[in-house]
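Read the structure below first, then the notes.
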Amino acid sequence: MESFPKIISVDDHTVEPPHVWRDRLPSRYRDSGPRVVRAPLKEMTFLGGKFAPVMGAKGDDGPIGDWWVYEDLHRPLTRLDTAVGYDRDEIRLEVITYEQMRPGSFSVPDRLADMDVNHVQSALCFPTFPRFCGQTFTEAEDRELGLLGVRAYNDWMVEEWCGPDAGGRLIPLTLIPLWDARLAAAEVRRNAARGVRAVAFSEIPPHLGLPSIHTDDWDPFLQACDETGTVIAMHIGSSSRMPSTSADAPPAVGSTITFANCCFSMVDWLMSGKFERFPNLRIMYAEGQIGWIPYILERADVVWEENRAWGGVADKVTRPPSELFADHVFGCFFDDAFGLRNLDAIGVGNVLYETDYPHSDSTWPKSREVGQAQMGHLPPDVVERIVRGNAIDLLDLTPEGLWRGPAG
């Protein structure tokens with residue numbers, strides 16, 4: 001390609017600075033809300049899809065890292081949180097401090113500079129400490145503090161991370177209190193009123209001890225998204241359970257099949273009837289890749305056609321799942337040559353591009369080169385849609401690909 005469109009990445013990540021909750025929670029919660037401490041690592045494993053770090057006490061031996069502390073949770077910053085700029089063979093599961101990470105992970109000016117290096121115009125960012133859909137606050141004991149924590153994160157996301165200094169190039173993605181669908185609906189509306197068009201959600205809520213989308217429990221939240229044009233964004237791992245095969249499977253197994261939860265989740269949604277009840281609802285799967293989608297749509301259509309009478313969906317799914325997918329579902333990828341070779345079976349309008357900065361899988365600083373290599377067989381207008389046009393439409397960005405801001 002002689003030219004490549006400026007990228008709008010729909011899946012990057014922010015590493016929250018230490019002041020996010022310290023500056024925004026009421027004073028009575030300053031000592032119990034999320035805060036950063038520097039401490040040694042006692043031990044840390046990541047097997048069978050389960051991440052298990054143990055923080056040491058002051059004076060203990062072990063590598064020093066920065067830890068988020070919140071109620072009984074001790075969550076370290078790790079090299080996997082912010083791996084860009086390191087050789088792949090140097091990226092290990094280890095604790096780090098803020099000084100040891102690339103500043104673009106948590107600093108807006110540095111992030112914009114790193115986006116420039118990578119041919120990225122705009123980016124939607126998922127959280128780190130709250131986890132990909134705010135599970136950290138959902139699992140906490142103090143619900144009042146949890147709700148304040150969610151709102152504080154959203155205020156920081158809108159007012160600071162995506163604030164005036166970002167020039168519209170950072171696109172807000174907010175959280176909800178997952179434990180209460182009515183509170184979640186109120187938070188969607190609060191943020192939609194200031195221009196937010198995306199909210200994080202779990203791929204498979206029952207993995208978090210929450211109702212499935214086959215119930216009516218989520219309807220207040222879904223109705224709020226439907227009415228405000230808020231996209232439901234689900235990131236791999238947003239079920240707090242990465243796919244794996246056994247308790248002793250190395251991380252490489254889970255890394256290979258990370259798309260699996262997205263696959264299961266998409267079938268859930270297609271067979272739930274929610275898209276027909278909420279016709280403006282749209283969902284996206286961040287970092288799920290796209291190569292697996294054609295077969296799942298084919299199989300879902302066969303099941304719907306042949307088995308819907310006994311399959312429990314005849315009275316609520318009245319259109320073929322592939323048609324529902326075309327109108328409501330978006331797959332996101334950063335490195336999927338196979339999926340791009342089968343684009344016709346997915347749909348040009350249902351595919352979004354991403355860079356995954358600053359994670360270990362990120363294509364930074366070569367996202368343009370990767371895109372050029374994998375999309376070279378596609379017409380320029382199709383590349384334009386995948387790399388930026390679909391994101392502009394889905395997230396209601398300006399024609400130039402920028403967030404419209406609180407004024408809408």
Side-chain angles (χ1 to χ4, degrees), residues 8-11 124 126 132-133 173 188 197-205 212-214 218-219 221-223 225-226 228-239 258-305 308 313 316-334 336 338-340 342-354 382 385-396:
I8 298 177
S9 174
V10 295
D11 171 34
L124 180 85
F126 283 82
F132 296 142
C133 66
L173 172 72
V188 167
R197 293 293 177 265
V199 63
F201 191 64
S202 173
E203 306 156 304
I204 307 175
S212 82
I213 61 164
H214 299 289
W218 292 108
D219 285 4
F221 164 66
L222 300 181
Q223 184 173 354
C225 293
D226 178 88
T228 60
T230 299
V231 179
I232 296 176
M234 292 171 282
H235 194 283
I236 59 167
S238 57
S239 301
T258 52
F259 71 91
N261 280 350
C262 298
C263 172
F264 300 157
S265 174
M266 190 178 81
V267 176
D268 247 359
W269 282 90
L270 292 176
M271 298 299 187
S272 71
K274 298 302 184 185
F275 293 137
E276 300 193 54
R277 292 188 57 201
F278 303 102
N280 298 314
L281 203 60
R282 292 167 299 170
I283 66 175
M284 56 171 272
Y285 288 101
E287 208 172 323
Q289 311 303 335
I290 60 175
W292 53 272
I293 292 175
Y295 172 72
I296 293 300
L297 294 180
E298 178 183 280
R299 177 60 184 164
D301 278 358
V302 170
V303 169
W304 179 82
E305 184 67 38
R308 63 179 179 265
V313 298
K316 59 183 178 180
V317 182
T318 62
R319 298 166 57 199
S322 60
E323 291 185 11
L324 297 173
F325 173 88
D327 290 342
H328 298 278
V329 185
F330 296 81
C332 311
F333 78 99
F334 58 81
D336 192 341
F338 179 83
L340 289 167
N342 294 275
L343 192 60
D344 289 346
I346 303 169
V348 171
N350 298 85
V351 174
L352 306 169
Y353 199 42
E354 58 185 40
V382 171
R385 288 188 67 183
I386 293 171
V387 173
R388 56 183 292 110
N390 290 337
I392 289 174
D393 294 341
L394 181 65
L395 299 170
D396 190 29

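From a predicted model like this one, the values you see are computed outputs, not experimental measurements.
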Report yes if the side chains of [X] and [Y] come closer than 4.5 Å at any heavy-atom pair, otherwise no.
X: P320; Y: E305; answer: no
X: Y353; Y: N390; answer: no
X: P321; Y: L297; answer: no
X: R282; Y: R197; answer: no
X: C225; Y: F278; answer: no
X: F221; Y: V199; answer: yes
X: I283; Y: W269; answer: yes
X: I386; Y: L343; answer: yes

Check: [X] side chain, [Y] main-chain N or O, donor-acceptor pair, under 3.5 Å:
X: W304; Y: V317; answer: yes
X: E354; Y: E287; answer: yes
X: D268; Y: I213; answer: no
X: N350; Y: V329; answer: yes

Contact summary for [X] and [Y], nearest pair of heavy atoms:
X: Y285; Y: S265; result: OH-OG, 2.8 Å
X: G339; Y: I346; result: O-CD1, 3.7 Å
X: C133; Y: A200; result: CA-CB, 3.9 Å
X: V10; Y: M284; result: O-CE, 3.5 Å
X: A233; Y: F126; result: CB-CZ, 3.8 Å

Quiz prompt | Residues D327, F275; criterion side-chain contact (heavy atoms from CB on, under 4.5 Å); working and verdict | solution = CA-CA 9 Å; D327 290 342; F275 293 137; over 6 Å; no
Exercise. Show your working on side-chain contact (heavy atoms from CB on, under 4.5 Å) between E203 and F264 and close with a plain yes or no.
Key: CA-CA 8 Å; E203 306 156 304; F264 300 157; over 6 Å; no
What's the spacing between [X] [atom1] and [Y] [atom2] if we round to 0.5 Å?
X: L270; Y: H328; atom1: CG; atom2: NE2; result: 9.5 Å
X: S272; Y: L324; atom1: OG; atom2: CG; result: 8.5 Å
X: L281; Y: I232; atom1: CG; atom2: CD1; result: 4.5 Å
X: I236; Y: D11; atom1: CD1; atom2: CG; result: 7.5 Å
X: W218; Y: S202; atom1: CH2; atom2: OG; result: 8.0 Å
X: R385; Y: D393; atom1: CZ; atom2: CG; result: 7.5 Å

Exercise. Just do the side-chain contact (heavy atoms from CB on, under 4.5 Å) check on H214 and K316 with the steps written out, would you?
Key: CA-CA 11 Å; H214 299 289; K316 59 183 178 180; 4.2 Å; yes
Exercise. Check the pair N342 / I293 against side-chain contact (heavy atoms from CB on, under 4.5 Å), numbers first and verdict last.
Key: CA-CA 10 Å; N342 294 275; I293 292 175; over 6 Å; no
Quiz prompt | Salt bridge present between K274 and D219 (N-O < 4.0 angstrom) | solution =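 D219 and K274: salt-bridged.
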Quiz item: Listed by chain and number, what are the side-chain contact (heavy atoms from CB on, under 4.5 Å) partners of D336, not counting sequence neighbours?
Solution: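 By the side-chain contact (heavy atoms from CB on, under 4.5 Å) rule, D336 matches Q289, I290, F333, F338.
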